[in-house]
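Remarks on the structure that follows.
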Amino acid sequence: MHFFIHSTAVIRSRHYFRVLFALLSFISIIGCSEDNSKQKYTEGQVNKSVSIKVSQVGYLPAGSKYAVVPSKSANRFVIKREVDDAVRYEGVLNEPENWPLSQEPNLRSADFSEFTEQGMFYIEIADLPRSVPFIISDRVYAGPHIAAIKSFYFNRSGTELDATYAGKWAREAGHVDEVVTVHSSATASSLDSHAIVTSQKGWYDAGDYGKYTVNAAIATYTLLAAYNQNSQYYESLIIDIPETENGLPDLLDEVRWNLDWLATMQRYDGAAFHKLTTLHWPGKVMPHEDSEPLFVIGVSTSATLDLAAILAVASRVYQEQDPDQAKQWLVQAEKAWEWAKENPNTPYVQPDDVQSGEYGDNTFDDEFFWAAVELYLATEDPRYLSHLSNSHVEFTVPGWANVETFGLISLLTRGKVSLPSALYEKWRQKLLTLANDIVEQTTTSPYRVPMEEADFVWGSNSVLLNKTIVLLAAHRLTDNDNYLKGVYQSIAYIFGMNATGYSFVTGIGSKTPMYPHHRISESDKVEEPIPGMLVGGPHSGHQDNCTYPYPLPADSYLDDWCSFSTNEIAINWNAPLVYVLGEVNAMLEERE
Ligand code: 9MR
């Protein structure tokens, strides 16, 4: 049996959200009747190969629509309506295409982009099992978008999750972080090692319980950028979290949980602590069972500049709602900038007694650029503009180690009025060049996504979504709908139209990860993982030493706790998912 999110209704009331939430809970137990154990579910899901791959969340009526099928198939495909099996569309498959990154060397695609009828359909091709049913509707991304935001709430540190909001994933508070010790790597003249600081709230970074300034800053930025681009849309979007009734947009409330923590990560002299973790990886335990001592560890130029950038952004976004706090964040951001100017080359160095994640980086031009952009937009101080004008940074796909394009996107969104026009035009061209290159890459695979061999790194799904953010920025700048094709195709890839046949978001789709490398999902005794979390995706590095049946880059994914290099979740992977779905939803609403 298959079940899909279908939200033809406006998800703008608590009622609809509750319905959606119930559906989400239901989706993730598909295949589990009462006598079905988790093991049986797994066998069915993992061993079931998908011969006609479709987007398991469905398609937008006006969006591009592809399905991918093995080369040994008949030439024709038909689309039938689920309710009465009526043929609604017929087409011819494209010629086989070779993709050396996957063990299925030749694949054909069915292009039904011109089919715009709304409803529930499936694809039939002679001699192949029919596809799973899929929906065509303007609302197909509404539920997944809300679930992707809600996953941040599920990963809140320092608070219990009440069943009213968390349903069966309610849990006790962990890591209240009232006692955090300063590690010897983070001391300064007036801050001894073993001093105690407090540093509450925040989101867990990923499958572990660490909190890392660099990654938290970019994830928070991505969500605030989503809000900035589409504030009207987010004004009334309800996520159903404890703050829902407070009159502020839920997205800003959720982001605030992390901002409050991030602001505590600044040392008295302006430097940012690089991370807050235990010394060793936590066991497979719930947050409240992880009783190892917590430390703030290291300071770095990258963490300090990323903190400067995100607090400057926050000072703009929350200016109206909380002016005093906004002012304080801006003071902190400027202090961080000053520290970085005096310490422009302080990389994070992992101390010998520390095991947690590194987010290590040795080049800081990109962080200087991003921080200067956000500080300029917040203050209009010409010092920052002069830094930007003299910067020779190369613009690349954004990620935690390359943040300059976040700055570029902010500049182009907010900067037109306050920038000299020659500079604005220069940066506009830089963004379009990057976007055009990404568009080119969509022709390299039968899945029509901009994924090249070098992109199948740890967290490859986020590489794709960050490229999609660049495409959306180019679309905003030019109004050229051509950029949107890559956006729709990338979303379809994330939700199942990829070499593995998995929809990579927990609980959403007909074949989804059941064993993400996520300590809460692994130890909460609830059969289904927390919903709405994007796993890292295929990556042939295999650093976790699990056994991968299919070693080629695009296939190399394992739905197993063991596979932390392909099946972990992380806030900087979910944030671009939120951004992309939110922007498309907002765009559709504007066009209505
Ligand atoms: O996302 C990070 C990836 O780019 C790195 O290759 C990998 C190894 O250094 O680390 C990933 O980040 C992990 C972090 O260090 C600790 N929390 C879990 C993160 C996701 O796996």
Side-chain angles (χ1 to χ4, degrees), residues 151-152 155 157 175 202-222 258 261 273-284 287 290 292 294-298 300 302-303 306 347-351 354-363 366 396-403 454-467 504 506 513 515-522 529-530 533-546 553 556-577:
S151 77
F152 288 87
N155 282 302
S157 166
H175 307 98
W203 302 310
Y204 299 125
D205 182 60
D208 61 322
Y209 294 134
K211 294 184 278 186
Y212 303 80
T213 306
V214 164
N215 210 43
I218 66 153
T220 306
Y221 168 78
T222 306
N258 208 41
W261 165 71
F273 298 116
H274 195 75
K275 61 182 174 181
L276 191 169
T277 71
T278 49
L279 295 182
H280 304 110
W281 294 113
K284 267 194 235 173
D290 179 26
E292 289 296 302
L294 287 160
F295 290 82
V296 283
I297 302 170
S300 65
S302 54
D306 288 353
Y348 173 72
V349 180
Q350 181 90 317
V354 176
Q355 212 184 38
S356 53
E358 292 194 31
Y359 292 113
D361 195 357
N362 294 311
T363 55
D366 55 321
T396 57
V397 177
W400 62 260
N402 301 297
V403 295
D455 297 321
F456 285 98
V457 292
W458 191 316
S460 62
N461 285 337
S462 73
V463 176
L464 176 63
L465 288 168
N466 282 320
K467 287 184 175 186
F504 289 125
T506 52
Y515 305 102
H517 188 89
H518 179 239
R519 278 171 177 71
I520 299 172
S521 297
E522 183 68 14
I530 302 276
M533 299 186 304
L534 175 72
V535 296
H539 163 39
S540 47
H542 302 174
Q543 288 93 329
D544 40 44
N545 295 323
C546 312
S556 228
Y557 165 74
L558 208 58
D559 180 22
D560 194 310
W561 157 267
C562 156
S563 179
F564 53 80
S565 77
T566 76
N567 206 31
E568 192 166 355
I569 61 98
I571 54 174
N572 65 315
W573 305 340
N574 250 72
L577 178 66

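In each ligand, atom 1 is the first atom listed, and ligand 1 is the first ligand listed. Quick note: numbers below take in every heavy atom, side chains included, and nothing from hydrogens, waters or symmetry partners.
Side chain of D205 to main chain of G210: no donor-acceptor pair is present (N/O by atom type, distance under 3.5 Å, no hydrogens or angles). Between the side chain of H539 and the main chain of F456, a donor-acceptor pair closer than 3.5 Å is present. Formation of a donor-acceptor pair under 3.5 Å by the N466 side chain with backbone atoms of P398 is found in this model. Formation of a donor-acceptor pair under 3.5 Å by the H542 side chain with backbone atoms of N545 is not found in this model. Remark: side-chain polar atoms of N155 are not paired, donor with acceptor, to backbone N or O of Y204 under 3.5 angstrom.
Distance from atom 9 (O) of ligand 1 to its nearest protein heavy atom, with residue and atom name: W458 CZ3, 5.0 Å. Given atom 18 (C) of ligand 1, the protein heavy atom at minimum distance is E568 OE2, 3.2 Å. Nearest protein heavy-atom contact of atom 15 (O) of ligand 1 is G357 CA, 3.2 Å.
Using cut-offs of 30° and 60° on the angle between ring planes, the pair W458 and F564 is tilted.
The aromatic ring centroids of Y209 and H175 lie less than 6.0 Å from each other.
Taking distance alone, with nitrogen or oxygen atoms compared against 3.5 Å, D208 approaches ligand 1 more closely than that limit. For ligand 1, the polar-atom distance check finds no N/O of W281 at less than 3.5 Å from any of the ligand's N/O atoms.
Contact atoms of ligand 1 toward E358: 15 (O) (distance under 4.0 Å to a heavy atom of the residue).
The residue among Y212, Y359, W400 with a heavy atom at the shortest distance from atom 12 (O) of ligand 1 is Y359.
Protein heavy atoms come within 4.0 Å of atom 4 (O) of ligand 1.
Contact annotation: for Y209 versus ligand 1, there are no heavy atoms closer than 4.0 Å.
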